[in-house]
Amino acid sequence: MNRENTMDWQEYLNKHRDRFVGELMEFVKIPSISAQSQHKDDVLKAGEWVAERLKNAGLDHVEIFQTEGHPFVYADWIRNKNLPTILIYGHFDVQPTDPLDLWDSPPFEPVIQDGRIYGRGASDDKGNLLSPIAAVEAMLKTDGSLPINIKFFAEGQEEIGSPQLPQFISGHRDLLACDLVVSADGLQWSPDQPKIEIGYRGMMAAEIEVQGPVKDFHSGLYGGVVQNPIHALAHILASFHDTKGRVAVSGFYDEVIEPSEEEKALLARLPVLESEIRDHVQVDELFGESGYTAMERGTIRPTLEICGIQGGYQGEGIKGVVPALAKAKITCRLVAGQDPDKIMEAIRVHVKTFTLPGVRVNFMNCEGRVKAYDMPHDHKGNIAVSNVLKKLYGKDPFVSRCGGTIPICPLFLDGLGVHTVNFAFSYEDENLHSPNEFFRLESMEKGQKGYGMLLRELAKVF
Ligand SMILES: [Zn+2]
């Protein structure tokens, strides 16, 4: 290894800044859209690019794992068994680009403007993934070593729900074994306010299909004579909640574990006003389970939402029919303690109970059930991350929870027995998954420096 040992790792990062920006441009040019089969080779190409980049950074063992779907990339640097080992996670696949006409520049021809790099995947997650790689390179090329053992694990299937990941983790427990996962895929609160995230809700989804008569029939001849499947579906859907917004499925709340008062107080400290939410979504009034704040209802309380409904005549004017079929899609966001399989079963029983005579109901559960994820706010990993964020932003991070679902967190917890901290530097305004996605160049530097500091901090606290 060619050491530049006259400088320290931070000087190295500064000196090579332009090269790192150029590398991100090169990385963004690869159209690694995991959802579209015509880009299968591009996803592999992005994986090979990451593997090559990890090798050049000085990692020891770099390997690409092919799967039935998109590949995984692994690398490590393990020198001292007495030191803790962390696994840094990220992904090299990206979301589709449409609607293309809303992009100001082509999504895979990155441009730099006003300190931002525009292109699909710049923020989610290519920019973030490169930060720890640059930090590790800087340390290896200057100090010649790292303060901690490191594993990298990057995947090419995050944007499609990581179908091969559960099996891969259970088949490679030794390879992936670590003391903590650090996710380089995520957000900070705002460009001048950091956060740590200590919980995500789980998720399950199902479809309800109500079959009435064999085909659409004349409503003048058969209305009032046969059961209308849309009426029957509406009856089921209306039964899911009581008038106070509480889910009325028997057993739904039985195993819910509420966060401690201390954790609720941390959540209450977040500066989110209900009036801001109201203005943002443009409704007159918020609604939800009574007895909880909007922030609580959106993070620590479980929900059942009807996400789509279909049936009967949808064209212009009126058509007098008793339709044959009606369908709805539902999703639940789950919280600590709730078992997705048990909740699915409770809903199935509920749907059966509320099925009116004269129709047949088909209840279909969708794949990909995910448990909720919770991490103690005073976990050593969170303390290390908080210490570094405080230095980077000059402010204590908020302690927040996200109502969304991040499947890798419960997967790593179940599969490897370790928690996952979020240490990434995207912001909500960066058009993730939308046209004109961008990443702040300043975040690249924050991320690189932050990772260098975090490796040292983790070596201290673990
Ligand atoms: Zn992502």
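Just so you know, ligand 1 is whichever comes first in the structure, and atom 1 is the first atom listed for that ligand. Remember, predicted model here, so these are calculated numbers, not experimental data.
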Which residue in the set I309, I306, V351 passes side chain to side chain contact (heavy atoms under 4.5 Å, CB included) when paired with I330? I306
Here's a test for you: under side chain to side chain contact (heavy atoms under 4.5 Å, CB included), which of I88, N149, L87 qualifies with C178? L87
Pick out which of E263, E197, E296 makes a salt bridge (charged side-chain N to carboxylate O under 4.0 Å, His left out) with R401.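 It is E263; the other options fail the test.
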Given Y74 and F153, is the ring pair (Phe, Tyr, Trp, His ring centres under 6.0 Å) satisfied, shown in steps? CA-CA 5 Å; Y74 171 89; F153 180 70; 7.5 Å; no
Considering just N/O/S atoms, say which atom of D124 is closest to the Zn ion (ligand 1).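 Looking only at N, O and S atoms of D124, the one nearest the Zn ion (ligand 1) is named OD1.
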Restricting to N/O/S, name the atom of H91 that gets closest to the Zn ion (ligand 1).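 Restricting H91 to its N, O and S atoms, the minimum distance to the Zn ion (ligand 1) goes to NE2.
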Any N/O/S atom, side chain or main chain, of D185 closer to the Zn ion (ligand 1) than 2.8 Å?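 D185 does place an N, O or S atom closer than 2.8 Å to the Zn ion (ligand 1).
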